[in-house]
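Worksheet: the structure to be examined is printed underneath.
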Amino acid sequence: MFIMTEAAKNVKAPRTAITPTRAENFPEWYQNVIKAADMAENAPVRGCMIIKPYGYAVWENIQGNLDRMIKAEEVQNAYFPLLIPLSFIAKEAEHIEGFAKECAVVTHHRLESDGKGGLVPAGPLTEPMIIRPTSETIIGEAFSRWVQSYRDLPLKTNQWANVMRWEMRPRIFLRTSEFLWQEGHNVFETHDDAEKDALRMIEVYREFYENYMAVPGFIGAKTPDERFPGAIETYTIEAFMQDGKALQGCTSHNLGQTFAKSSDIKFLDRDGVQKLAWTTSWGLSTRTIGGLIMVHADDDGMVMPPKLAPYQVGILPIIHDEADKPKIMEFCDKIRKELLAKGVSARIDKSGQRTSDMMWGAIKKGVPVRLEIGAREIAEGQLTYTRRDLGKDGKKKVSVDEFLGSIEGVLAQMQKDMLERARQRMQGMVIEIKTLKEMRDFFAAEKIGGVKIDYKLIQDSDEFEAIKKEFSVTPRCLPFADNGQKVIVAKAY
RNA sequence: CGGAGUGUAGCUCAGCCUGGUAGAGUGCUAGCUUCGGGAGCUAGAGGCCCAGGGUUCGAAUCCCUGCACUCCGACCA
């Protein structure tokens, strides 16, 4: 090591791939990470996004893994229509009140020339349709026909679909008017079965969040005013982003008999009596990708957890001399095939860019492991690789056999380290307090994160209402870990 | 829906105050030298200056009216 002069420092001034940095301007940093990783862009329609191949690959990995976990719960996939007759949603008072403001309405079915080169809607519909903001009502209608006997229960159905909620203030991935999700809808004989199911599904999500996303969270129940319209219980995972705001990562609702009543889902029980069924619904959306970014990305861009990465190893051919190119590319391809045989996804950068551009491209995309292969590696039989989350100091040089033998372990370790790092950060962000005075001081000091407090202290409290309003914070959840006795309060996305 | 800001090259923006017909950086294309944590030179392609109206001999620039986007609130399962 040597001591750098001031001049040398300026030349080598630390430069982040993303500007501004997280500390400088978090919302702008977030958007730039997405742009730099080439994951998505805003669409011509306000509030809608185009998910680009690299971002969509993450969604496909979320789908693939979560779908397998959902099916393990004996749930079957189906598909229900995008358009819902207005009369369906009007059936349930509380539900409609929750969604009415956000509904897009289809009122016409035909376009005609206006004689001035434009088109105008003609053919008004006798009954307007809404574009589904969620599918409880239309699935309820089907279930009322499908469910006749206790023998038809439990009925467990999931759909992967797009939904639309007209948003006042869209943010890419986090809050878009159209988004992709899965929504599960289950029907049971009893309240207890439904309650167990709602709890079971939040547990499935917890496993998914921790094991695949490497994102920890506070798992618990929503306070009554934060519940899904029509639900008797809503369970959630509240994850904490690097700016200290909470993000509801998914939800699982015990809907009681609310929707069974409005959709008339009844079954003939063993005792010959017609009974109203009990339902649940549970969902996880593309919003989760926003959380993935805000939890893991750094000032150099995205950091992909290996299990959700579009490709886990980015192979960068280092070519100094054109004559070496065929040999190097052939070697890269050989390594790629060996990785694929082990179930490790890999991609060779064939862009022909300069080394540093390929390198930074992979960094910004958050490719878990970068593998540099040049004439040197081939000559020495060694491979040079770097874990994205450790930075350049984590660069390692090992033999080909050692690399192939250890890569799965390296990826697994990275996945584990990312979760652990996120967990440490989350724990440091939420402090336990005893009084509302402390809560006021905490938010007044603009501290990063949230607080945990005795739930009783915020119930029917005018001071808490005042704090909520003044600092725009909300109760996020009553963690299971505290048996519902305590509540987490924070700003939220 | 309120407050603020911004619409000019693929992207980031300057020019506008003080009207005279289009600029920079970056990216892109080609060539050469380079290349292992952000390289340099040369040449080139690329713009209905958000839209509509007005003022003017003349508007990216001044004045109206829209529209869109961004940020901050409100709202939000």
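Residue numbers start from 1 in every chain, and the chains themselves are labelled A, B, ... in the order their sequence lines are given, proteins ahead of strands. On a predicted model such as this, the values are computed, not experimentally measured, just so you know. Values reported hereafter were calculated over all heavy atoms of this structure, with side chains retained and with hydrogens, waters and symmetry mates removed.
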Sugar-phosphate, base or nothing in reach of A:E102, heavy atoms under 4.0 Å = base

Just checking A:D300: base, sugar-phosphate only, or nothing, at a heavy-atom cut-off of under 4.0 Å?
-> base

Rounding to the closest angstrom, what is the interatomic distance between B:rG31 and B:rC17 at atom P?
-> 45 Å

What nucleic acid atoms does A:G391 come within less than 4.0 Å of, heavy atoms only: base, sugar-phosphate, or nothing?
-> base

For RNA chain B, produce a single dot-bracket line, 5' to 3'. Pairs: Watson-Crick or G-U wobble, both distances under 3.5 Å. Symbols: ( ) within strand, [ ] crossing, | other strand, . unpaired.
-> (((((((..((((......[..)))).((((((.....)))))).....(((((..]....))))))))))))....

Sugar-phosphate only, base, or nothing, as touched by A:A231 at under 4.0 Å among non-hydrogen atoms = nothing

Can A:R200 and A:D197 be counted as an ion pair, charged N to O under 4.0 angstrom?
-> no

Under the 3.5 Å rule, do the base of B:rG37 and the side chain of A:E372 count as making a donor-acceptor pair?
-> no

Is the CD atom of A:E330 crowded by more than 12 outside heavy atoms at less than 6.0 Å?
-> no

Salt-bridge contact A:E238-A:K222 (side-chain N to carboxylate O under 4.0 Å) | yes

Establish, with yes or no, whether the OP1 or OP2 oxygen of B:rC76 is under 4.0 angstrom from a side-chain nitrogen or oxygen of A:Q248.
-> no

Quick one: are A:V367 and A:V313 in side-chain contact, heavy atoms under 4.5 Å?
-> no

Would you indicate what A:N25 reaches in the nucleic acid, counting non-hydrogen atoms under 4.0 angstrom: base, sugar-phosphate, or nothing?
-> nothing

How is A:R175 classified with respect to the nucleic acid when contacts are heavy atoms under 4.0 Å: base, sugar-phosphate, or nothing?
-> base

Using a 4.0 Å heavy-atom cut-off across all strands, classify A:E377 as base, sugar-phosphate, or nothing.
-> base

Between B:rG37, B:rC11, B:rC35, which nucleotide has the shortest distance from any of its atoms to the side chain of A:K35?
-> B:rC11

What nucleic acid atoms does A:K364 come within less than 4.0 Å of, heavy atoms only: base, sugar-phosphate, or nothing?
-> base

Does the ring of A:W360 meet both stacking tests against the six-membered base ring of B:rG38: centre distance under 5.5 Å and plane angle under 30°?
-> yes

Looking across every strand, which nucleic acid part, if any, lies under 4.0 Å from A:T384 by heavy atom: base, sugar-phosphate, or nothing?
-> base

With P as the reference atom in both, quote the distance from B:rU61 to B:rG53 in angstrom, rounded to an integer.
-> 13 Å

What is the nucleic acid contact for A:R370, judged by heavy atoms within less than 4.0 Å: base, sugar-phosphate only, or nothing?
-> base

What pairs with A:F173 under ring pair (Phe, Tyr, Trp, His ring centres under 6.0 Å), at least two apart in sequence or on another chain?
-> none

Any side-chain heavy atom of A:H185 within less than 4.5 Å of one from A:T280?
-> no

What does A:I319 touch in the nucleic acid at a heavy-atom separation under 4.0 angstrom: a base, only the sugar-phosphate, or nothing?
-> base

